[in-house]
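Here is the structure we will look at.
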2 protein chains.
Amino acid sequence: MINLNECFKLIIGHGMANRSDTKTRILDAAEKLFAERGFSETSLRLITSKAEVNLASVNYHFGSKKELIRAVLARYLDVFMPGASTELTKLVQNNENASLETIFSALVRPLLDLNKVRTEGTRIFLQLLGRGYIESQGHLRWFITTHYGEHLDRFVQVVSQSAPHIPPAEMFWRLHFTLGTVVFTMASSDALMEIAEADFKEQNDIESVIRKVIPYMAAGVAVPVSKA
Amino acid sequence: MINLNECFKLIIGHGMANRSDTKTRILDAAEKLFAERGFSETSLRLITSKAEVNLASVNYHFGSKKELIRAVLARYLDVFMPGASTELTKLVQNNENASLETIFSALVRPLLDLNKVRTEGTRIFLQLLGRGYIESQGHLRWFITTHYGEHLDRFVQVVSQSAPHIPPAEMFWRLHFTLGTVVFTMASSDALMEIAEADFKEQNDIESVIRKVIPYMAAGVAVPVSKA
DNA sequence: GTCTATATATAGATAGAC
DNA sequence: GTCTATCTATATATAGAC
């Protein structure tokens, strides 16, 4: 008498989980929960129960919760960052003086491509990014800037070139205002879409929200510095 | 032989703490820690040890941590909200068609007045607001909208009137983008000011950051709606 | 690799003496 | 009103059998 589980093991190899592998199941469950509830409000217990894997497997595969968080984000950043850089390069080649709105819009395609990688990928990624910048006291900021710094620098460079009337120090502030805008919007996007639906009968998805926020941010970044 | 503590009790009444009263000491310690570290990262143990009061006194005076959080915010909102409404009223009386930048700027004085109420009051209040909107899953949002809804409605009304080319649904989104901008900026203001100092030798305080962010937000809210 | 069981830490909240 | 001591819940992390 052998049970179903043992039967699978015989077919696909010993020690290999039947369904998709445990590591992936953890990442998939974790990213959804992190995006919805935030990092500190999501326990490993909740993750492993949703993933239908053992509690101890998180530490086996990732070492700690912090490293799991980084792994969840890395899976997206490794796709998005090179994609974004490619788009920026194409843009600069074709159009020396692209507008800010064009530059921001160039990031939309790489963002939406994340939906091909995983269901609701775009929404989840942006919410994760939001949570990450807001919640974590440094370790994610550090992780992102050290691992993807060259892409970020490239972005800053292209934006600065497109708005040469903004001095570097002012641009620093405005890009952080922009980060705040997008990060907060994405972290609360579910709630905001619900309200927009209830109060204005507006149907939105993550793309339409992105399209709304781009003009706002582009106008803010480029507004002339007041002389006061 | 009586000690100093007993002596104070004899003078100012029994059961009354000598220093400022326990409730206030808790509020003062809590608001600093909440602003710096966020709500869920701040334990009652940390608060009471900084306040030099007993752990149990939080529950005695406030009932729960959630209620303490609300009390901390209420102490500021009760000053700020009426002040802001007064400024808006004055503005509308003097100037039917005030610009968005003027409207936002009208809130600066009530904000800075919080520095008179308590040391670093402005910074702490804005950081708390940022943390509150970002962290809490509803209970603070609910508290703010139900207790201060009329002031918020008034603000929305004045802004909408100043940008009549923006339809209400679009204004809803843009005001939330604005909320995100200010809230994220304030929650990370300490880090941003440090970086600006290190990288650009720029000395900033909370007022100068507010002055920087206003033109950004005003431009974003008023930018014409794209026809796409 | 995966499981059970547990170590260890820390949280919010409360009972009851004073 | 304030204290000590403790309850209860929940967290991350790990040891060791399989």
Side-chain angles (χ1 to χ4, degrees), chain A residues 2-27 29-30 33-34 37-72 135-137 139, chain B residues 2-27 29-30 33-34 37-72 135-137 139:
Chain A
I2 56 171
N3 63 27
L4 202 62
N5 203 10
E6 288 304 317
C7 180
F8 274 117
K9 279 187 188 171
L10 288 172
I11 294 167
I12 62 176
H14 197 70
M16 188 80 176
N18 40 4
R19 326 145 290 190
S20 59
D21 75 11
T22 301
K23 205 166 169 177
T24 306
R25 292 179 65 79
I26 293 170
L27 287 169
L33 292 166
F34 285 152
R37 311 160 45 95
F39 299 110
S40 64
E41 301 301 316
T42 304
S43 68
L44 296 183
R45 282 178 164 75
L46 185 57
I47 293 168
T48 52
S49 77
K50 288 269 181 197
E52 295 180 288
V53 300
N54 190 274
L55 171 61
S57 59
V58 171
N59 273 37
Y60 177 80
H61 287 287
F62 299 96
S64 72
K65 184 179 179 179
K66 274 190 182 175
E67 287 175 83
L68 170 61
I69 293 174
R70 286 197 283 269
V72 161
E135 271 192 45
S136 83
Q137 290 138 352
H139 87 278
Chain B
I2 55 171
N3 63 29
L4 203 59
N5 205 9
E6 290 303 318
C7 180
F8 274 116
K9 280 187 187 169
L10 288 171
I11 295 167
I12 63 179
H14 198 67
M16 187 79 175
N18 40 4
R19 325 145 291 189
S20 58
D21 74 32
T22 300
K23 206 166 170 175
T24 306
R25 293 179 63 81
I26 293 171
L27 287 168
L33 291 166
F34 286 152
R37 311 161 44 98
F39 298 110
S40 65
E41 301 300 316
T42 304
S43 68
L44 297 182
R45 283 176 166 78
L46 184 57
I47 293 168
T48 50
S49 77
K50 288 272 182 197
E52 295 180 288
V53 301
N54 189 274
L55 170 60
S57 59
V58 170
N59 273 33
Y60 177 81
H61 287 286
F62 298 95
S64 72
K65 185 179 177 179
K66 275 190 180 176
E67 287 175 86
L68 170 60
I69 293 174
R70 285 197 283 269
V72 161
E135 270 192 49
S136 82
Q137 291 137 350
H139 88 276

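Quantities reported herein were computed from a predicted structural model and do not represent experimental measurements.
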Distance, nearest 0.5 Å, that separates OG1 of A:T22 from CG of A:N54: 9.5 Å
Below the 4.0 Å mark, does C:dT2 have OP1 or OP2 next to a side-chain nitrogen or oxygen of A:N54?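 No.
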Side-chain N or O of B:T22 less than 4.0 angstrom from OP1 or OP2 on D:dT2? yes
Length of the [atom1]-[atom2] vector between [X] and [N], whole Å:
X     : N      : atom1 : atom2 : value
B:R25 : D:dT2  : CZ    : P     : 11 Å
B:K66 : C:dA11 : NZ    : P     : 18 Å
B:E52 : D:dT2  : CD    : P     : 14 Å
A:F62 : D:dT14 : CZ    : P     : 15 Å
A:K23 : C:dT2  : NZ    : C1'   : 15 Å
A:N59 : D:dA13 : CG    : P     : 5 Å
A:L44 : C:dA7  : CG    : C1'   : 16 Å
B:I26 : D:dC3  : CD1   : P     : 10 Å

Among [options], which nucleotide sits nearest the side chain of [X]?
X     : options                : answer
A:L55 : C:dT4, C:dG12, D:dA13  : D:dA13
B:R45 : D:dA13, D:dG1, D:dT6   : D:dT6
B:S43 : C:dA11, D:dG1, C:dT2   : C:dA11
A:K65 : C:dG1, D:dA13, C:dT14  : D:dA13
A:Y60 : D:dT2, C:dT2, D:dA13   : C:dT2
B:S64 : C:dA13, D:dA13, D:dA15 : C:dA13

Is the Lys NZ or Arg CZ of B:K23 less than 6.0 Å from the centre of B:Y60's six-membered ring, within 45° of the axis?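 No, B:K23 does not lie over the aromatic ring of B:Y60.
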I'd like to check B:L68 versus B:L27 (side-chain heavy atoms, cut-off strictly below 4.5 Å). Are they in contact?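 In contact.
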Taking all non-hydrogen atoms of both residues into account, name the closest pair between A:L33 and A:I47 and its distance. CD1-CA, 3.8 Å
A:F34 versus A:K65, closest heavy-atom pair with distance: CE2-CE, 4.3 Å
